[in-house]
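Worksheet: the structure to be examined is printed underneath.
Sequence lines set the chain letters: A, B, ... in the order given, protein chains first and strands last, and positions in each chain run from 1. None of these values were measured; they are calculated from a predicted model.
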Number of protein chains: 2
Amino acid sequence: MGKHCQWRERLQKKGYRLTIPREVIIEVLRNSTSHLSAEDIYMELHKKYPAIGLTTIYRTLELLVQMKIIVKFDFGDRRSRYELSEKYGMKKHHHHLICSQCTKIIDYTDFINEELELIEKTEKRLMKKYNFSITSHVISFTGICLECKKDQT
Amino acid sequence: MGKHCQWRERLQKKGYRLTIPREVIIEVLRNSTSHLSAEDIYMELHKKYPAIGLTTIYRTLELLVQMKIIVKFDFGDRRSRYELSEKYGMKKHHHHLICSQCTKIIDYTDFINEELELIEKTEKRLMKKYNFSITSHVISFTGICLECKKDQT
DNA sequence: ATTGGCAGTGACAATCATTCTCAATTCTTT
DNA sequence: AAAGAATTGAGAATGATTGTCACTGCCAAT
Ligand SMILES: [Mn+2]
Ligand SMILES: [Mn+2]
Ligand SMILES: [Zn+2]
Ligand SMILES: [Zn+2]
């Protein structure tokens with residue numbers, strides 16, 4: 001229950017079928033807390049569904065991105081990573097802290113109010129000034145995480 | 001004059017040599033207003049310096065990134081793109097507007113004061129809370145640019 | 001000025017995520 | 001059941017990036 005089920009209707013309304021691969025790929029994304037790559041998903045599924053091929057994973061992810069059911073990220077490790085979008089998953093909108101040493105990624109959602117207000121204000125200003133319809137934003141901070149700091153003697 | 005020349009000393013201090021490819025690659029980046037890929041740079045150089053190979057471009061870019069003389073970006077078109085970093089180029093720190101239709105990228109530098117203050121404040125808060133040394137941030141807004149909006153009837 | 005060592009280089013091969021192709025399978029609708 | 005469309009998987013192809021290796025040029029010590 002809740003909106004996290006509506007992706008099915010959304011697909012069907014556009015004439016797409018509900019298939020096992022689509023079901024299971026979304027399920028994997030829902031049950032994961034991290035940012036999965038196509039291959040991560042493939043390996044996770046392969047245990048229970050050895051028939052599902054990597055090509056299908058890629059195709060499905062592409063479709064889901066296009067339908068805005070999931071979001072595609074590029075964290076600089078040369079492979080795309082995916083998250084359920086806020087609307088269809090349980091995760092709240094968040095920003096990222098990326099460790100440039102170990103590539104670990106911390107999601108943070110505990111914005112202060114000013115932060116949200118300012119982003120909104122900035123988006124409005126930019127839309128007007130550049131005649132640009134903003135649909136989403138990505139904010140990430142890069143640096144060195146605690147563990148990596150310790151490691152470097 | 002100005003700090004934009006100090007990259008030479010920076011390289012030499014670390015024992016790296018000043019070579020033609022390094023000189024020219026930085027020159028190309030300096031003279032460009034857009035975000036160049038390795039191949040963009042290669043093609044630009046190839047006219048005047050046909051002897052410089054693509055491999056060298058990649059190697060040099062990697063070195064320059066590591067020395068923080070340039071910055072590597074991932075805009076989602078599956079190739080890395082590079083900019084002189086604020087310290088060594090003339091470009092001011094900026095954020096990005098990315099058109100998801102035509103992949104055009106607008107740099108904007110006209111922050112409002114609140115924007116800069118809030119980023120600083122947020123960085124401080126995150127560093128403390130997550131024990132994370134933040135060295136840089138990337139902020140980009142994705143959407144549809146004016147031209148693309150017109151095109152879609 | 002030679003020599004030895006090592007940074008720097010370019011051609012080419014290898015890698016690896018992603019996309020393409022195509023024949024086979026499954027749904028949906030008659 | 002049959003037609004037509006959507007979906008699929010295997011394997012080939014693609015394309016950006018990285019690795020290899022023999023070669024070149026620079027510099028310091030002789
Ligand atoms: Mn995330
Ligand atoms: Mn830029
Ligand atoms: Zn780390
Ligand atoms: Zn556009």
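The distance between atom OH of B/Tyr16 and atom C1' of D/dC27, rounded to the nearest whole Å, is 18 Å. In this structure, A/Leu63 places its CG atom 14 Å from P of C/dT19, rounding to the nearest Å. As a whole-Å value, the separation of B/Ile57 CD1 from C/dC12 C1' is 17 Å. Atoms CG (B/Asp74) and P (C/dT18) sit 11 Å apart, rounded to a whole Å. Put simply, CG on A/Leu61 is 10 Å from P on C/dT19, counting in whole angstrom units.
Residues satisfying the side chain to side chain contact (heavy atoms under 4.5 Å, CB included) test with A/Asp74, not counting sequence neighbours, are B/Asp74, B/Arg78. Scored by the ring-ring contact (aromatic ring centres under 6.0 Å, His included) test, A/Tyr58 finds no partners at all (sequence neighbours excluded). Under the side chain to side chain contact (heavy atoms under 4.5 Å, CB included) criterion, B/Arg8 pairs with B/Leu18, B/Glu23, sequence neighbours left out. Residues forming a salt bridge (Lys or Arg N to Asp or Glu O under 4.0 Å) with A/Arg22 (at least two apart in sequence, or on another chain): none. Considering only residues two or more places apart in sequence or on other chains, A/Thr135 meets the side chain to side chain donor-acceptor pair (under 3.5 Å) condition with none of them.
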Reading 5' to 3' through nucleotides 25-30 of chain C, protein heavy-atom contacts under 4.0 Å coded B for base, S for sugar-phosphate only, - for none: -BB---
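For the OP1/OP2 pair of D/dA6 and a distance below 4.0 Å, the side-chain nitrogens and oxygens of A/Thr19 include no atom meeting the criterion.
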Chi angles and distances behind the side-chain contact (heavy atoms from CB on, under 4.5 Å) call for A/Leu61, A/Ile41: CA-CA 10 Å; A/Leu61 289 171; A/Ile41 296 173; 4.0 Å; yes
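Among pairs with a residue in residues 110-126 of chain A, those fulfilling side chain to side chain donor-acceptor pair (under 3.5 Å) read A/Tyr108-A/Glu115, A/Asp110-B/Lys129, A/Asp110-B/Tyr130, A/Glu114-B/Lys121, A/Glu115-B/Arg125, A/Lys121-B/Glu114, A/Glu123-A/His137, A/Arg125-B/Glu115, at least two apart in sequence or across chains.
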Enumerate all atom pairs, one protein N or O and one N or O from nucleotides 10-19 of chain D, separated by less than 3.5 Å.
{"residue": "D/dG11", "atom": "O6", "partner": "A/Thr55", "partner atom": "OG1", "Å": "3.1"}
{"residue": "D/dA16", "atom": "OP1", "partner": "B/Arg79", "partner atom": "NH2", "Å": "3.3"}
{"residue": "D/dT17", "atom": "OP1", "partner": "B/Ser80", "partner atom": "N", "Å": "2.7"}
{"residue": "D/dT17", "atom": "OP1", "partner": "B/Ser80", "partner atom": "OG", "Å": "3.4"}
{"residue": "D/dT17", "atom": "OP2", "partner": "B/Tyr58", "partner atom": "OH", "Å": "2.4"}
{"residue": "D/dT17", "atom": "O5'", "partner": "B/Tyr58", "partner atom": "OH", "Å": "3.3"}

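Hydrophobic clustering, defined by side-chain heavy atoms of Ile, Leu, Val, Met, Phe, Trp and Tyr closer than 4.5 Å, leaves B/Leu146 isolated from every other such residue.
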